[in-house]
Structure formats: C-alpha cells, structure tokens
There are 2 protein chains.
Amino acid sequence: MRKYYTITELTREFGVSTRTLRFYEDEGLIQPDRRGRTRLFRASDRHLIKEILRGRRLGFTIAEIREIIDIYKGPPGELGQLELMMKRVAEKREQLAQKRQDIEDTLAELDNVDEACLARLAELRVGT
Amino acid sequence: MRKYYTITELTREFGVSTRTLRFYEDEGLIQPDRRGRTRLFRASDRHLIKEILRGRRLGFTIAEIREIIDIYKGPPGELGQLELMMKRVAEKREQLAQKRQDIEDTLAELDNVDEACLARLAELRVGT
DNA sequence: ACTTTCTTTTACGTAAAAGTCAATTTTCAC
DNA sequence: GTGAAAATTGACTTTTACGTAAAAGAAAGT
C-alpha cells in the first residue's frame, strides 16, 4: 500500500481541481498530513474524497455531505449519542429513498419516450 | 378536472416560492397562460413543475433539467432528430444509473453504521 | 545550478438558483 | 365599488461551490 498521494495525483484520478480539494480541506471534510506546507493525502483522505464526490453527484450540499461524513466517523460510546446517530442515519436513508424513487420515476418516463421513438421509427420504415 | 391553478396554490402544494416559479418561467421551463398579467397554471404546468423539482432533488442543474424536459416534449418526426433524441435518452439513462449506484453505495455504508450502532447498544445493555 | 513543474497562500471573481424588497397593479369578497 | 389580499415586475442581494490570478516557496529532472 502507498503511503501518500500528492494533490495532483488525486485531482487527476478524480477529475477535480486542486482548488476543489483545498476547498474541501477548508471546509473540514478532509485533513491531509503536511510535510512542511505541502499536503500529503493518505488512503483515508482518498476514500473520503470518493464519498464527497458521490454525495456531490447526488446533489447533496457540502453541509449535507459533512453530515454524512460525520456519521461515518464512527459511532460514539455514549447512549444518547448513539440514539442521535441512529436518528440521523434514518433521516439520510429517507432522503436517499426519495432520490431513488425520483430516479425510478424519471427512468420510467424515459422508457416511454424511447418507446415513442421506436414506434415512430417503425412507422418511418414502413414508409408513412 | 380543474382548469387552472393560481401561483400560490402551487407554491403551497410544492413548498416553493413564487419567485421560484417565475424563475422557472423566465428560464422557459414552464409557460403558464395569462389572464391580463396574472399567471394561470394548467395541469400540464403543474406536472412540469413536479418534474423540475424531481430533477432538482437529484442534483440536476436547470440546464440539465431543461434537457430532460425537452426530451419529454415528444419525439419529432424526422429520422435524424429521432436518432439524436434516442442518444440523449441513453445519456440521461447513464447519468441516472450512476446516481442510482451512488445511492446503493451510500445506503450500504449507512447499513454498516447502523450495525455498529446496534452492536454498541447491545454491549451497553449487557453492561460493558 | 538551472529550469520546469508543483505546490502554497491570499484574495478577489463568478455562475447558478433563488431570496428579498419596493413599488405597482389586479383580483376577490363583500 | 371599495378595501384587503394577492400578484406583478424589476432591481438588488445572498449563498454555494468553486474559478482564477498573483506571488512565492519547494522538488525534481538534466
């Protein structure tokens, strides 16, 4: 396993700019090590970036992504905290379920469009 | 069936502001009728708004939502247009498939968190 | 040592998607 | 037909998520 990734390695891998990764650091989403002033990204940072971009693709804001990441950071020991955590997990699950439903609905409509296209194509072939 | 909806009826139904609906009109996503200057929304506008908000929840930009809506507007007659249309449908389908995968991945991670929480709860109950 | 390529910080800029405010109409209920 | 409530336009503001540019320090190949 590699110890560290440079910032440009990661920008290339994920197709984002250095500005973006620094922005995520400013926002507290990742905390790369430093050698002097230079950032050194660990595998865990790389993994976090993956999750951030996943959230971004799903239209979550940075604040929402932070919520998700905070959830991942591991369940705390105390009882009250645990219950709060599970409530948050349930909330996120609902949001995701809504998005999934939205996707299915949209796909269904695209199916209709596709069928209409194919029907029209068939007509053209027969020579309407 | 109702003939028309007022703007505030729709803002209440969908939880958006009048500004938002007017913005969508400016962007050409909806074209409500007018009685004088007052907007009168038809069922078709209402349906379009639903689709816009669905796209918004999925993190599509207005431009991308416009693409989807343009697709819905029905397949044109000409052959070249039909092929272009079907290509666009395929593209959207891919985007949606990616989002769906992202959702499944995220849900899977939430499952892990949930399990960890439950495990910790069990420990607490036994009296660690 | 020298150049090239990275990387850093700081700071200002910007596009998208509305929010907010003000000043007028318009509509509706009575 | 009048007064309150709702709707309109237009201009300006805000927030989010970065982009961009400048100025300078560090690393790496030759």
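All chains are named by letter (A, B, ...) in the order of the sequence lines, taking the proteins before the strands, and each is independently numbered beginning at 1.
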Report the nucleotide, chosen from [options], that has the shortest atom-to-atom distance to any side-chain atom of [X].
{"X": "Ile7(A)", "options": "dG19(C), dT7(C), dA7(D)", "result": "dT7(C)"}
{"X": "Thr38(B)", "options": "dT26(C), dA18(C), dG19(D)", "result": "dT26(C)"}
{"X": "Phe23(B)", "options": "dC18(D), dT9(D), dA18(C)", "result": "dA18(C)"}
{"X": "Thr6(A)", "options": "dT9(D), dA18(C), dT7(C)", "result": "dT7(C)"}

Can you measure [X] atom [atom1] to [N] atom [atom2] for me and round it to whole angstrom units?
{"X": "Phe14(B)", "N": "dA17(C)", "atom1": "CZ", "atom2": "C1'", "answer": "19 Å"}
{"X": "Asp26(A)", "N": "dT16(D)", "atom1": "CG", "atom2": "P", "answer": "15 Å"}
{"X": "Ile65(B)", "N": "dA18(C)", "atom1": "CD1", "atom2": "C1'", "answer": "13 Å"}
{"X": "Tyr24(B)", "N": "dA16(C)", "atom1": "OH", "atom2": "P", "answer": "14 Å"}
{"X": "Ile62(A)", "N": "dC18(D)", "atom1": "CD1", "atom2": "C1'", "answer": "9 Å"}
{"X": "Phe41(A)", "N": "dT7(C)", "atom1": "CZ", "atom2": "P", "answer": "9 Å"}
{"X": "Arg19(A)", "N": "dT10(C)", "atom1": "CZ", "atom2": "P", "answer": "12 Å"}
{"X": "Leu21(B)", "N": "dA17(C)", "atom1": "CG", "atom2": "C1'", "answer": "13 Å"}

Decide whether Ser17(A) and Thr20(A) meet the rule of one side-chain donor and one side-chain acceptor closer than 3.5 Å.
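Yes.
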Applying a 4.0 Å non-hydrogen cut-off, can you work out what [X] is touching in the nucleic acid: base, sugar-phosphate, or nothing?
{"X": "Arg22(B)", "answer": "base"}
{"X": "Arg66(B)", "answer": "nothing"}
{"X": "Thr18(B)", "answer": "nothing"}
{"X": "Arg35(A)", "answer": "nothing"}

Other residues, nucleotides and ligands only: do more than 12 of their heavy atoms fall within 6.0 Å of CZ on Arg12(B)?
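It does not: Arg12(B) CZ has 12 such atoms or fewer within range.
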Let me know, please, whether Ser17(A) or Arg37(A) comes out on the 5' side of the other along DNA chain D by nearest nucleotide.
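Nearest nucleotide further toward 5': that of Ser17(A).
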Rounded to the nearest 0.5 Å, what separates atom CG in Leu21(A) from atom CD1 in Ile7(A)?
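One gets 5.0 Å once the value is rounded to the nearest 0.5 Å.
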Using OP1 and OP2 only, check whether a side-chain N or O of [X] sits under 4.0 Å from [N].
{"X": "Thr20(B)", "N": "dA17(C)", "answer": "no"}
{"X": "Arg39(A)", "N": "dT8(C)", "answer": "yes"}
{"X": "Arg34(A)", "N": "dT9(C)", "answer": "yes"}

Are any of the side-chain nitrogens in Arg42(A) or Asp45(A) under 4.0 Å away from the carboxylate oxygens of its partner?
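Judged by the 4.0 Å cut-off on N to carboxylate O distance, Arg42(A) and Asp45(A) do form a salt bridge.
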Can any side-chain N or O of Arg66(A) pair as donor or acceptor with the backbone N or O of Glu27(A) at less than 3.5 Å?
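Side chain of Arg66(A) to backbone of Glu27(A): a pair is present.
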